[in-house]
Every structure is written in C-alpha cells, then in structure tokens.
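What follows is a set of notes on a single structure, which appears directly below.
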Amino acid sequence: TAKAKASTPAPLRLDATLRGGAGGYALANARARLGRSDAAGEVRWVRGDERNALHAELTSDTLDVADLHPLLVRPDAPSGAASASGGGVAHAAERGASAPRAHSTDIDVQLAARRVRAPGIPEARDASFVASLGDQVLHVTRLAFALGHGRVAASGTVDLAQPLRADGELDVSALPIETLLGESAARHRLTGVLHGHAALRGSGDTVDALLADATGTVSAALAHGTISSLLDAEMGLQGGRIVKSLLRGAEPIALRCAAAVVEVRAGRGTLRTLVVDSERTHTTGAGTIDLAHRTLDVVLTPQAKQPGLF
C-alpha cells in the first residue's frame, strides 16, 4: 500500500491508502477536503470482462455547494446551459464514453452528509444521495435532506445525450414555511406546515429549454398556520382593515388552509386549484405560469367572511 496526497489550486487535499492489482484499484480510508467541504470513505475501480465499474461510498460532516460548483460545471459553459450536460463531472463521463476504449465504466455513488450549505437557502441536515451513471444516463435513486422539522425527498433520471432529457419527482413533507421563507415569513406573520409533490419531465439543451418543454403536475398545501392581518386584508382588498393594520400594527390571524394545484404542459402551468382560507377571508384564484419566462398571471377573487369596514 501507499499513502497518496494531492493538491489543486481549489485547493483540494486528499489523504488515502492506495491499493491496486490486476482486478482494479481502491482508495481506502480516504479523507478529502475542498475549501469548507469534507468527505471520507472508499472509492473502488473494478475491471470487468465487458464493463468496468467505479464505486464510491462517502460520508461528510459539511458540504458547501460553492466549493463543489467548479467540479460540476465547466468554466466555459454558456450562461443558461444545463449543468447536467455541461457539468465538469458529467462532461468528463460523456467525453470518456465517446472515446475509443475497450470497456465503458459504470459509476455508482452513495453519499451521506450531516449538513449541506448552499447560497440563498437554509442549511440542510442529514442529507443522503444515491445515484448511478452508465451509458450517459444518470439515475438518481434518492436525494433527501431535512429542512427545519420537515423533509424533502427527490428522485429522477437524466439522459445526457443531446438533447438532454430529464424526469423527476419531488416530495415535501411537514416543512415549516418559516424555515423556507425566512425573513419574508416573519414579516408577514406567515407560519404553517407545508406538504407538496411535483412530477415533471422535459427535454432541451439548456435549462431554459428544459423549462419550456416541462410537462407534469405540481401541488402544495399549507395547514395549521397563521397569516398577517395586513396581508390578509390586502389580499381581500379590504381598505378599512388595511388602514387598521397599518395604524395599530399587524397581528397574526388563523390560516386554516392554503392549497394550489398546477398542471404543466409544454412549459406553461395552469392553476387548477388555488385557495387561501383564513379566519377572515376566503380567496380563490385562477391563472397561468410561464416557466421559461418566469412570469405569473393570476387573478385572485377574495370573499370577506366578516362584514364591515373594520
């Protein structure tokens, strides 16, 4: 065996025990650090009669997406390009698959991380990732993590051949909305438990093209929560209550439920259901969402439950 250490300008540091033979190689007791991210475990490359295999079983205390971004996206990738097709790791696999060689290599990865950090979103905990890549098809068997007291789980498939094709499902369970929205939720006194499901598929050479081709359904429901009396009055177009909330200060009022169901066809979402039911107002809505252009056209119809200006 031999001890291996490597460094790159990233900087990346790797300590591992390298073992090898005619049947393949293994990096045992591996410990790596890239910026603020770390990983430990074992990586094995196995020579096969018809196909080779690369297995990685890793654990991490902290993963920072900002550290990993250069490994996943080529520096010369055009803006808006789909990272799965242009990413450094996927691109290397794609490039290798097209190069002349005796055998292709199948890749499978299992990763468990105690916490994951990414810009603009809350820190995720207890994350797990299980995926495989073979013949230019990426199968994500499981991507799951905790946010606050809630849980998010996803799975999907990405065909890296051009045009890129993808399909996936996402489930959100018992996620506190204030964990997701942060200061915005606090400002609007918005609380509650979010449950949701999304199933989408699409194809295209860029992220914009994928969104423009997206088809599927998205549903979400919020229960056992509160909403600011000011926001509720604004949604209900209740001028007197708006003035009252501005003068006396907004207070939290009961939000019995909020739910939405969106049917997506060719990148255009149609609201099949939109309802917000508070202690004082029942609001329904209808409209469309253009995923490719990130635009929303919705008409809300409020109905006050309590008569009077105030």
Practice prompt. Taking side-chain hydrogen bond (donor to acceptor under 3.5 Å, both in side chains) as the test, write out the residues that go with Thr283, two or more places apart.
Written response: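 side-chain hydrogen bond (donor to acceptor under 3.5 Å, both in side chains) list for Thr283, sorted by chain: empty.
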Worksheet item: Measuring from Asp171:CG to Arg151:CZ, what's the distance to the nearest 0.5 Å?
Response: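 The CG atom of Asp171 sits 12.0 Å away from the CZ atom of Arg151.
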Worksheet entry | Sidechain-backbone polar pair: Ser228 side chain, Arg189 backbone, donor-acceptor under 3.5 Å |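 Here the side-chain-to-backbone pair does not exist.
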Item to complete: Look only at the side chain of Arg256 and the backbone of Ser278, and say whether a donor-acceptor pair between them is shorter than 3.5 Å.
Response: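 Yes, the answer is positive, given that a donor and an acceptor are paired below the 3.5 Å cut-off.
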Per-pair distances, 0.1 Å, donor-acceptor, side chain in residues 109-119, under 3.5 Å, sequence neighbours excluded:
residue: Arg114; atom: NE; partner: Asp61; partner atom: OD1; Å: 2.6
residue: Arg114; atom: NH2; partner: Asp61; partner atom: OD1; Å: 3.1
residue: Arg115; atom: NE; partner: Thr62; partner atom: OG1; Å: 2.7
residue: Arg115; atom: NH2; partner: Asp61; partner atom: OD2; Å: 3.4
residue: Arg115; atom: NH2; partner: Thr62; partner atom: OG1; Å: 3.3
residue: Arg117; atom: NE; partner: Glu123; partner atom: OE1; Å: 2.9

Discussion item. If the condition is side chain to side chain contact (heavy atoms under 4.5 Å, CB included), which residues does Thr301 pass it with, not counting sequence neighbours?
Written reply: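 Checked Thr301 against side chain to side chain contact (heavy atoms under 4.5 Å, CB included); matches are Thr284.
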Worksheet entry | Sequence-distant partners of Asp135, salt bridge (charged side-chain N to carboxylate O under 4.0 Å, His left out), two or more places apart |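 Only Arg51 meet the salt bridge (charged side-chain N to carboxylate O under 4.0 Å, His left out) criterion with Asp135.
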Fill in: NZ/NE/NH1/NH2 to OD/OE distance under 4.0 Å, Arg280 and Glu251
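Yes, this pair counts.
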Worksheet item: Taking NZ, NE, NH1 and NH2 as the nitrogens, is one of them in Asp208 or Arg294 under 4.0 Å from a carboxylate oxygen of the other?
Response: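 The answer is yes: the pair qualifies as a salt bridge.
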Practice prompt. Hey, could you give me each pair passing salt bridge (Lys or Arg N to Asp or Glu O under 4.0 Å) that has a residue in residues 155-167? Not counting sequence neighbours.
Written response: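 Matches after skipping sequence neighbours: Asp159-Arg165.
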Item to complete: Give a yes or no on whether Arg33 atom CZ has more than 12 heavy-atom contacts from other residues, nucleotides or ligands under 6.0 Å away.
Response: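 Atom CZ in Arg33 is crowded, with more than 12 foreign heavy atoms closer than 6.0 Å.
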Worksheet item: Which residue pairs pass the side chain to side chain donor-acceptor pair (under 3.5 Å) test with at least one member in residues 212-222, sequence neighbours excluded?
Response: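 The answer is Ser203-Asp213.
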Discussion item. Could you report the tightest heavy-atom contact between Leu210 and Gly204, atom names first, then the distance?
Written reply: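 Looks like CD2-N, 3.8 Å.
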Practice prompt. Would you tell me whether Asp108 and Ser132 have side-chain atoms, one donor and one acceptor, within less than 3.5 Å of each other?
Written response: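 Asp108 vs Ser132: no donor-acceptor pair found between side chains.
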Discussion item. Could you tell me if Thr191 and Thr226 have a donor-acceptor pair between their side chains, going purely by distance under 3.5 Å?
Written reply: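 Thr191 and Thr226 do have a side-chain donor-acceptor pair below 3.5 Å.
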